[in-house]
Amino acid sequence: MSVSTKIISRQQIQIYKQLSKSVYNDKLDQIILETQFQDLRPLLGERFFNDILNEESNSTGAYDDLLDGSTYTYNNITYTNYGLRCVLANYIYARYTMFGDVIDNSFGQTMKMNVNESVPVSASIKKSLYQMNRDLAYNYWLNVRDFLMRNPSTYTLFNECNTSTNNSFKLSKIG
């Protein structure tokens, strides 16, 4: 396993979200790795997250149903698990929407614009898209969490982690 192990590729993201083929690989890889660490790791717990990264870097396929989704039966009811890659794609797209056009170059950080004149998306629209995609990702996560909780003997490391349903944290200054 390496800190650069990615659970998802550009092509896998494009299954769930429209993502331009011209997005710089370096920037997309940065966003994928940040999202895995910042958004996915806290949901799974560190041990389970690291185990998934190990399996992914070794290409064993042990977590294919979890990652790619599946249908399964629990208490004689058939359910659909959308998969962690669906969750991750939506979290990545949220970050990409908000931060994808900020590029570091020799002039500092700039907003990437078209060669011809164009109007950048406003900060308020980007913020709305960011939050909408994070909310969607979290709802997909709830579906995957149900899958994990209904299969405790297969995903034993998930049972050891503690997840929270509160997906926001706010600090305020008194005074």
Side-chain angles (χ1 to χ4, degrees), residues 1 3-21 23 28-100 125-170:
M1 174 185 69
V3 294
S4 62
T5 300
K6 295 185 295 290
I7 296 171
I8 196 168
S9 67
R10 173 192 298 268
Q11 293 77 21
Q12 290 165 324
I13 294 168
Q14 288 173 322
I15 292 170
Y16 305 101
K17 293 293 184 181
Q18 187 276 321
L19 185 66
S20 171
K21 292 177 183 165
V23 172
L28 184 59
D29 287 348
Q30 172 193 336
I31 291 172
I32 290 171
L33 293 171
E34 287 173 359
T35 304
Q36 287 179 180
F37 186 78
Q38 183 72 19
D39 297 311
L40 194 59
R41 184 186 54 84
L43 295 173
L44 295 172
E46 189 170 10
R47 284 188 62 203
F48 191 31
F49 175 74
N50 285 330
D51 197 54
I52 291 170
L53 287 180
N54 272 330
E55 292 297 323
E56 197 61 17
S57 65
N58 295 326
S59 302
T60 65
Y63 289 121
D64 285 350
D65 283 348
L66 172 63
L67 293 171
D68 296 322
S70 61
T71 57
Y72 64 100
T73 303
Y74 179 76
N75 286 343
N76 296 319
I77 300 172
T78 301
Y79 294 94
T80 299
N81 160 36
Y82 287 92
L84 276 179
R85 286 195 174 111
C86 179
V87 173
L88 195 52
N90 281 279
Y91 275 125
I92 287 166
Y93 195 74
R95 280 183 187 275
Y96 171 74
T97 299
M98 191 70 174
F99 308 110
I125 291 174
K126 286 172 70 171
K127 186 175 179 180
S128 293
L129 289 169
Y130 174 76
Q131 192 57 52
M132 286 174 26
N133 280 285
R134 288 188 57 79
D135 291 346
L136 180 59
Y138 187 73
N139 282 317
Y140 279 123
W141 161 247
L142 295 176
N143 168 267
V144 173
R145 184 186 68 178
D146 289 344
F147 170 74
L148 290 167
M149 292 171 68
R150 292 172 180 150
N151 293 283
S153 60
T154 304
Y155 304 104
T156 56
L157 291 178
F158 178 72
N159 291 333
E160 295 180 15
C161 73
N162 187 10
T163 60
S164 170
T165 58
N166 182 6
N167 59 351
S168 64
F169 180 75
K170 295 181 181 178

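In this text, all values refer to a predicted model and were calculated from it rather than measured experimentally.
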Got a second to check how far [X]'s [atom1] is from [Y]'s [atom2], nearest 0.5 Å?
{"X": "S9", "Y": "R85", "atom1": "OG", "atom2": "CZ", "answer": "7.5 Å"}
{"X": "L142", "Y": "M149", "atom1": "CG", "atom2": "CE", "answer": "10.5 Å"}
{"X": "N143", "Y": "Y138", "atom1": "CG", "atom2": "OH", "answer": "12.5 Å"}
{"X": "L53", "Y": "S4", "atom1": "CG", "atom2": "OG", "answer": "10.0 Å"}
{"X": "D64", "Y": "E56", "atom1": "CG", "atom2": "CD", "answer": "8.0 Å"}
{"X": "I13", "Y": "I31", "atom1": "CD1", "atom2": "CD1", "answer": "9.0 Å"}

Please answer whether the main-chain N or O of [Y] pairs with a side-chain N or O of [X] as donor and acceptor at a distance below 3.5 Å.
{"X": "D39", "Y": "L88", "result": "no"}
{"X": "R10", "Y": "S20", "result": "yes"}
{"X": "N90", "Y": "C86", "result": "yes"}

> Which residues satisfy the ring pair (Phe, Tyr, Trp, His ring centres under 6.0 Å) test with Y82, sequence neighbours excluded?
Replying inline: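 Residues passing ring pair (Phe, Tyr, Trp, His ring centres under 6.0 Å) with Y82: Y140.
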
> Can you name the ring pair (Phe, Tyr, Trp, His ring centres under 6.0 Å) partners of Y72, sequence neighbours left out?
Replying inline: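 Only Y79, F147 meet the ring pair (Phe, Tyr, Trp, His ring centres under 6.0 Å) criterion with Y72.
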
Can you tell if the side chain of [X] reaches within under 4.5 Å of the side chain of [Y], non-hydrogen atoms only?
{"X": "V87", "Y": "Y16", "value": "no"}
{"X": "I77", "Y": "R150", "value": "no"}
{"X": "I92", "Y": "K17", "value": "no"}
{"X": "L40", "Y": "I52", "value": "no"}
{"X": "M132", "Y": "T97", "value": "no"}
{"X": "L129", "Y": "M98", "value": "no"}

> Listed by chain and number, what are the side chain to side chain donor-acceptor pair (under 3.5 Å) partners of Y63, not counting sequence neighbours?
Replying inline: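 For Y63, the residues satisfying side chain to side chain donor-acceptor pair (under 3.5 Å) (neighbours in sequence not counted) are D51.
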
Run the side-chain contact (heavy atoms from CB on, under 4.5 Å) test against [X] and tell me which residues pass, sequence neighbours left out.
{"X": "T73", "result": "T78"}
{"X": "Q38", "result": "R95"}
{"X": "T154", "result": "N151"}

Identify the heavy atoms of [X] and [Y] that sit nearest to each other, and give their distance.
{"X": "Q18", "Y": "Y93", "result": "O-CE1, 3.2 Å"}
{"X": "T5", "Y": "Q36", "result": "O-NE2, 3.0 Å"}
{"X": "R41", "Y": "F49", "result": "CG-CD2, 3.6 Å"}

>> One pair to check against side-chain contact (heavy atoms from CB on, under 4.5 Å): Y155 and L44. What are the steps and the verdict?
In response: CA-CA 11 Å; Y155 304 104; L44 295 172; over 6 Å; no

> Passes side-chain contact (heavy atoms from CB on, under 4.5 Å), L148 versus F48? Steps please.
Replying inline: CA-CA 11 Å; L148 290 167; F48 191 31; 3.9 Å; yes

> Can you tell which of L67, I8, L43 makes a side-chain contact (heavy atoms from CB on, under 4.5 Å) with L84?
Replying inline: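 For L84, the side-chain contact (heavy atoms from CB on, under 4.5 Å) test succeeds with only one of L67, I8, L43, which is L67.
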
